[in-house]
Amino acid sequence: MSTESATEHPAAPSAERAADALPPLDAPPTTLVALAREAGHHHTPAPLAETLLVARPLLAAAGLAVPDGHLTVATGPLDVRFAHVDTGSRVGPTGAAGTDDALRVSGTLHRVPWARAAEAAVVLTEGPWGGPVLFLLEAAEWRQVTGANLAGEPRDDLVLLDVTVPAARVRRVPAALVREAEWRSGLARAALIAGAARRCVELTVAHTASRVQFGRPLSHFQAVKQEEAKLVEEAALVTAAVEAAAAALAEPDSAEFTAWLAAAQAAASVAEITRIAHQLHGAIGFTELSPLRLATTRMWSWRDEDGGERAWQQRIGRHVLDGEGDHGGEGDGDRLWQRVTSG
Amino acid sequence: MTLSALDPGAVQLPRETVQLRQEVRDFLAGERAAGTILGRPDSWLTGWDPAFTRRLARRGWVGMTLPRKYGGGGRSNLERYVVIEELLAAGAPVSAHWVADRQAGPTILRHGTEAQRSHFLPRIAAGACFFSIGMSERDSGSDLASVRTRAERTDDGWRLTGTKMWTGGAHVNDHAIVLARTDESEDRHAGLSQFIVNLRDPHVRVEPIRLLSGEHTFNYCHLEGVELTDDALLGRPGDGWQQVTGELALERSGPERFLSTLPLLTALVEQMQRTGGGSPEQQSRVGRLTARLSAIRQLSLGVAAALAAGRPADVQAALVKDLGTRFEGELVNEVREILPTTARFDATRGSYPELLATAILHAPGYTLRGGTNEILRGIITRGLELSR
Ligand SMILES: Cc1cc2nc3c(=O)[nH]c(=O)nc-3n(C[C@H](O)[C@H](O)[C@H](O)COP(=O)(O)OP(=O)(O)OC[C@H]3O[C@@H](n4cnc5c(N)ncnc54)[C@H](O)[C@@H]3O)c2cc1C
């Protein structure tokens, strides 16, 4: 269960640098979410959801040009200094200011999705001025330690050894953009989960219709029907939440909250969806002989990769309870209902 | 069955088990100190360590219930229960001898010839002879009686042809007990027989099937005209179905039906203890799991006691297995929520994220193996109907 064996996981897809068929930058948000769902449905071996729903919009919001090809996103603490220290204002060993915002960066970014298949990475961390910074790293600038999630998808550590990032690829950004990176990542993962949930339903329905025991297809048995119905219900729940979040992407007021709802619901539904799909598949679904694992092992990883449902649920709960900066905010319980209906 | 059978009453373990339990705990403490890998979820499926098995056997904890004259320990089923619940709770690597100890030994004792008993039982009890279960096939899972593997009469025995599937450990074990059709003409339950098959026979071809985790425990077991003498037949021709179903109560109510993931809960508790004991919310959730675990264990002990007293307990065993195996999965979900972390199969072996990953990746198996929960619930409701 070393890194090596994980990357040789039988489910590990090949990681080519595929720049094929990405939609144009001005594609509508609902299209982008639909494409991310398709990526989850077909377990596409590329950081498609990360590129379309997180990296590109963040670059655009920060006012940076969007490069071609697949992009990934990484956040986390790094050692960040000015590349060109302003000697005139110099205080302390590393300098309080730079003559421009070019940076020298060292450190490790952990478990970055599909780094080995990405042309560039959008990095969010803290700048030497003590506020958030966003910069674009090109693939040649990092050293990669390969890793994998439960499905064998690349989750690589990026090691940065005194990399100089020119000012043209660096932007000081507001704290709101850090939050946006979080909820966009949550939405991207929710869209992937919705796609994979659909795959679970399709595979299970096909399996119970064709597998015969006791002289009848499994779908004939009441117990199987009941479970299958619950599977379809739970998958529908996830899809509905993701579609609502997709529609709200264009609404600055509700985009963040509905993305939280989708992320929370998608992550929370994974356990029930995967449980039923596996149960109805029997032993074959537990093995390499069935494609079910390609959906379920991904779902088990994706639900955790941006903090897990507890983190999303907590954000929602805190927001509903504390009434900070919202219309209704009378200090009563109405806010919960107002938020549910505001999308 | 009457409804009162669902009320098993409190079980008092015999006094001699108190000391026995302590001996097992002392032994495990020594193993832990010596660096044996313990604490792993589902260790009765994938914890394969023949040297550990032999150390257990030297203590008399393999084949414990077999009679002394066959090299066994002559101990009671409740004593065995205590030993294996300690081993499972500790996540000890018991998979090498698991099937031999739980199933093959008692089956051979009950249905085998004197020659079979005196050949196999001492070896099983010495931890030197490991068995696989050769029941399921591609098209015969829940509907086990539909197996297609055939044993044809030859001049001096039988010729076995067919393919078994999901045969756990066939690549490392010595023998399999194979369920095969010996008579096509009768009703489908009547024409089945069981055979003891040497897995190293040149006409047995074992082909791996990887789990979704990439681990190897399952196999195809291709039986390509295996020539068997009459010595290989278990009991009489046609007794196979009765033999298979006869052992089910024992197989279905054991502590492996609710303890497979307990080592993960133990790891969580240790992690919480290291970090200040947890919040009230975390504590109450640990408490909820503890209460449910404890109640399920009482039910399981009730079945063990009923069986020890010679009372039938098929329905109660099904009930315990449904509750217990669902609990094994619920535990994983709860632990994940109590202390969220990214489950990582490539994290340091034995670390909390790696144990969590193992328990998650093994979860599909808990409610399938040994009879699925849907089939078990069918048995429970049929039991209720009979009691009306
Ligand atoms: C971890 C593991 C280890 C195993 N080890 C072994 C081994 O060593 N040797 C061996 O021989 N076998 C082994 N098995 C196989 C096991 O016995 C079968 O998986 C089990 O009997 C179920 O059969 P199946 O997988 O073909 O599922 P199926 O029978 O195809 O069932 C699929 C689904 O349909 C449901 N279903 C089927 N029939 C009905 C019905 N009548 N009413 C309601 N629902 C129904 C089931 O509950 C299940 O949800 C193992 C399985 C697992 C998961």
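Letters go in sequence order (proteins before strands), and every chain restarts at 1.
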Checklist line | Value rounded to 0.5 Å, distance of CZ in B/Arg210 from CZ in A/Arg293 | finding: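 CZ of A/Arg293 is found 12.0 Å from CZ of B/Arg210.
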Checklist line | From CG (A/Leu150) to OG (B/Ser213), nearest 0.5 Å | finding: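 The distance works out to 10.0 Å.
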Margin query: Between A/Phe286 and B/Phe218, is the side chain to side chain contact (heavy atoms under 4.5 Å, CB included) condition met? List the steps.
Written below: CA-CA 10 Å; A/Phe286 192 28; B/Phe218 278 162; 4.0 Å; yes
Notebook entry, point to check: Which heavy atom of A/Asp304 sits nearest a heavy atom of B/Ala343, and at what distance?
Noted result: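 Between these two residues, the closest heavy atoms are OD2-N, 3.7 Å.
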Item checked: Considering all heavy atoms, the nearest B/Pro364-A/Trp300 contact ->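 Nearest heavy atoms, B/Pro364 then A/Trp300: CG-CH2, 3.9 Å.
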Notebook entry, point to check: Is the side chain of A/Glu288 donor-acceptor paired with the backbone N or O of B/Leu212 at a distance under 3.5 Å, no angle test?
Noted result: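 No; judged by distance alone, with no hydrogens or angles, the pair does not exist.
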Notebook entry, point to check: Is there a donor-acceptor contact under 3.5 Å from the side chain of A/Gln213 to the main chain of B/Asp139?
Noted result: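 Such a contact is found between A/Gln213 side chain and B/Asp139 backbone.
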Checklist line | Contacts of residues 327-337 of chain B with chain A (heavy atom under 4.5 Å) | finding: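 B/Asn333, B/Arg336, B/Glu337, listed by number.
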Notebook entry, point to check: Do B/Phe345 and A/Thr297 have side-chain heavy atoms sitting under 4.5 Å apart?
Noted result: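 With C-beta onward as the side chain, the pair stays apart.
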Next item on the list: Please examine the side chains of B/Glu374 and A/Glu227, heavy atoms only from C-beta on, and report whether any two atoms are closer than 4.5 Å.
Entry: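 In contact.
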Margin query: Below 4.5 Å, heavy-atom pairs only: which of A/Arg155, A/Glu305, A/Arg303, A/Glu309 has the largest tally toward chain B?
Written below: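 Top option by heavy-atom pairs under 4.5 Å: A/Arg303.
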Next item on the list: Could you tell me which of B/Thr372, B/Leu361, B/Thr341, B/Asn373 has the largest number of non-hydrogen atom pairs under 4.5 Å with chain A?
Entry: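 Heavy-atom pair counts peak at B/Leu361.
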With a 6.0 Å cut-off (strictly less than), is the heavy-atom count around [atom1] of [X], excluding the residue itself, greater than 12?
X	atom1	value
B/Ile37	CD1	no
A/Arg199	CZ	yes
B/Arg148	CZ	no

Next item on the list: Side chain from CB out, backbone as N, CA, C, O: work out which of these in B/Pro208 comes under 4.5 Å of a heavy atom of chain A, or both, or neither.
Entry: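 Just the backbone, heavy atoms under 4.5 Å.
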Next item on the list: Please flag which part of B/Ser140 lies under 4.5 Å from any non-hydrogen atom of chain A: side chain, backbone, both or neither.
Entry: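 Contact with chain A involves the backbone of B/Ser140 alone.
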Next item on the list: Just do the side chain to side chain contact (heavy atoms under 4.5 Å, CB included) check on B/Ile375 and A/Phe221 with the steps written out, would you?
Entry: CA-CA 11 Å; B/Ile375 297 296; A/Phe221 299 110; over 6 Å; no
What part of [X] gets closer than 4.5 Å to chain B, counting heavy atoms only: side chain, backbone, both or neither?
X	result
A/Val212	backbone
A/Leu292	neither
A/Arg211	side chain

Next item on the list: Decide side chain to side chain contact (heavy atoms under 4.5 Å, CB included) for B/Trp166 and A/Ile284; before the verdict, give the C-alpha distance in whole Å, the side-chain angles of both, and the deciding distance to 0.1 Å.
Entry: CA-CA 9 Å; B/Trp166 322 126; A/Ile284 202 163; 3.7 Å; yes
Checklist line | side chain to side chain contact (heavy atoms under 4.5 Å, CB included) assessment of B/Asp346 paired with A/Arg111 | finding: CA-CA 11 Å; B/Asp346 61 356; A/Arg111 300 185 74 71; 3.7 Å; yes
